[in-house]
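Some notes on the structure that comes next.
Only heavy atoms go into these numbers, but all of them, side chains included; no hydrogens, no water, no symmetry mates. Proteins come first, then strands; the chains are lettered A, B, ... in the order of their sequence lines, and each starts at number 1.
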Protein chains: 2
Amino acid sequence: MNKSLDELVNELKKKNIRLTHQRLKVLEYLTNNKNHPTVDQIYRALKEEVPSLSKTTIYNTLNYLSELKLIQVITIEDKEARFDADTKTHGHFKCKSCGEIYDFDIDIDLSTNNLENFKIEEKIVYFKGVCPRCLSKINNN
Amino acid sequence: MNKSLDELVNELKKKNIRLTHQRLKVLEYLTNNKNHPTVDQIYRALKEEVPSLSKTTIYNTLNYLSELKLIQVITIEDKEARFDADTKTHGHFKCKSCGEIYDFDIDIDLSTNNLENFKIEEKIVYFKGVCPRCLSKINNN
DNA sequence: TTCCTACTTTGTATTAATTACAAACTAATT
DNA sequence: AATTAGTTTGTAATTAATACAAAGTAGGAA
């Protein structure tokens with residue numbers, strides 16, 4: 001689902017999860033910035049508004065929210081984790097040229113494999129290549 | 001492709017890649033152990049036969065071989081990279097209960113998404129859940 | 001409103017995978 | 001056998017992420 005901030009806040013309230021200023025800010029940032037930010041990006045952006053903010057809090061909050069399935073972790077980069085407020089199953093495409101990460105729909109049924117007796121709980125799909133913008137740049141040179 | 005050690009060695013020779021004892025041992029280990037080992041597992045296994053072996057060499061070799069597309073890196077675990085001598089596009093299923101990683105075929109065409117103008121070079125598919133062995137254990141308790 | 005307490009935040013220290021680097025070594029050719 | 005470009009090795013550095021304990025606070029109780 002692509003939930004609004006209000007919907008997310010209501011889910012937290014329903015689950016009796018303490019609604020701290022920091023958690024609200026992180027959720028707000030993620031719902032407003034769908035560009036799959038890293039911990040460091042979130043930290044640097046929020047540090048201005050919340051000067052006391054600690055990176056550990058960002059880690060705590062993001063880990064907690066992803067346990068609660070309110071956000072999604074993306075590890076398409078080997079090094080740094082990225083985060084996505086959109087928790088529906090969808091693919092991520094990483095452009096090897098500009099580094100941008102694009103969402104894409106997985107409209108086919110991925111479950112028809114040789115995994116008959118497996119209980120599938122998560123489907124993670126990452127594609128890598130070159131995005132249209134970078135392709136057109138290359139072609140115009 | 002699921003290549004034999006000989007085939008891999010021939011590919012290295014063809015590409016004029018220096019055939020060191022260490023590289024051969026790493027390739028040999030990967031072709032004999034299809035259980036997606038980590039750097040540390042490879043290191044500990046080969047250290048006995050090649051006492052001088054350094055972990056940096058393992059990293060160097062694995063990075064080099066994956067650049068050459070002779071092996072595949074699996075980052076289904078956030079922490080540690082795993083390696084696979086099978087370079088054909090296939091999925092990896094991780095059992096959340098026992099940690100085992102299973103290969104599975106991707107027999108459907110994954111390219112029919114909203115990625116019309118993208119140049120797709122790599123398709124990475126990770127599923128997570130519970131494997132049949134663990135499921136039957138749970139059911140028998 | 002004030003108090004209380006369990007939960008949260010924060011900063012620092014630590015962990016652990018990976019990379020950087022330079023000196024010693026070696027595969028493959030001359 | 002000599003040469004050399006490329007490789008291995010060990011140590012040090014990097015860096016994302018976690019552990020931990022002290023200080024702070026949300027939210028309910030009195």
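Taking the charged nitrogens against the carboxylate oxygens, Glu121(B) and Lys119(B) do have a contact shorter than 4.0 Å, which makes a salt bridge. Between Glu28(A) and Lys25(A) there is a salt bridge, since at least one side-chain N of the basic residue sits less than 4.0 Å from a carboxylate O of the acidic one. Lys34(A) has no carboxylate O lying under 4.0 Å from a charged side-chain N of Asp103(A), or vice versa, which leaves the two without a salt bridge. Salt-bridge check for Lys88(B) with Asp86(B): passed, with a basic side-chain N closer than 4.0 Å to an acidic carboxylate O.
We find that CG of Leu19(B) is positioned 15 Å from C1' of dT29(C), with the value rounded to whole Å. In this structure, the CZ atom of Arg23(A) is 12 Å from the C1' atom of dT25(D), given to the nearest Å. Put simply, CD1 on Ile17(A) is 19 Å from P on dA6(C), counting in whole angstrom units. Tyr43(B) places its OH atom 9 Å from the P atom of dT9(D), with the value rounded to the nearest Å. Atom CG in Asn60(A) sits roughly 13 Å away from atom P in dA17(D) (whole-Å rounding). Nucleotide dA17(C) holds its P atom 15 Å from the CG atom of Leu62(B), rounded to whole Å. Atom NE2 of His21(A) is separated from atom P of dT9(C) by 11 Å (rounded to the nearest Å). Whole-Å rounding puts the Tyr59(B) OH to dT7(D) P distance at 20 Å.
Nucleic acid contact for Thr20(B): sugar-phosphate only, since backbone atoms but no base atoms lie under 4.0 Å from a heavy atom of the residue. Backbone-only contact: Asn63(A) has heavy atoms under 4.0 Å from sugar-phosphate atoms and none from a base.
The phosphate of dA6(C) (OP1 or OP2) has no side-chain N or O of Arg18(A) nearer than 4.0 angstrom. The side chain of Thr57(A) contributes an N or O atom lying less than 4.0 Å from OP1 or OP2 of dT10(C). The phosphate of dT25(D) has neither OP1 nor OP2 within less than 4.0 Å of any side-chain N or O from Gln22(A).
Side-chain atoms of Thr31(A) come within 3.5 Å of backbone N or O of Leu27(A) as a donor-acceptor pair.
Heavy-atom distances to DNA chain D give each of Lys79(B) and Ser52(B) a nearest nucleotide, and the one nearer the 5′ end belongs to Ser52(B). Nearer the 5' end of DNA chain C, as judged by each residue's closest nucleotide, is the contact made by Lys55(A), out of Lys55(A) and Thr56(B).
Relative to the side chain of Glu80(A), the nucleotides dA17(C), dA17(D), dT19(C) differ in distance, and dA17(D) lies closest.
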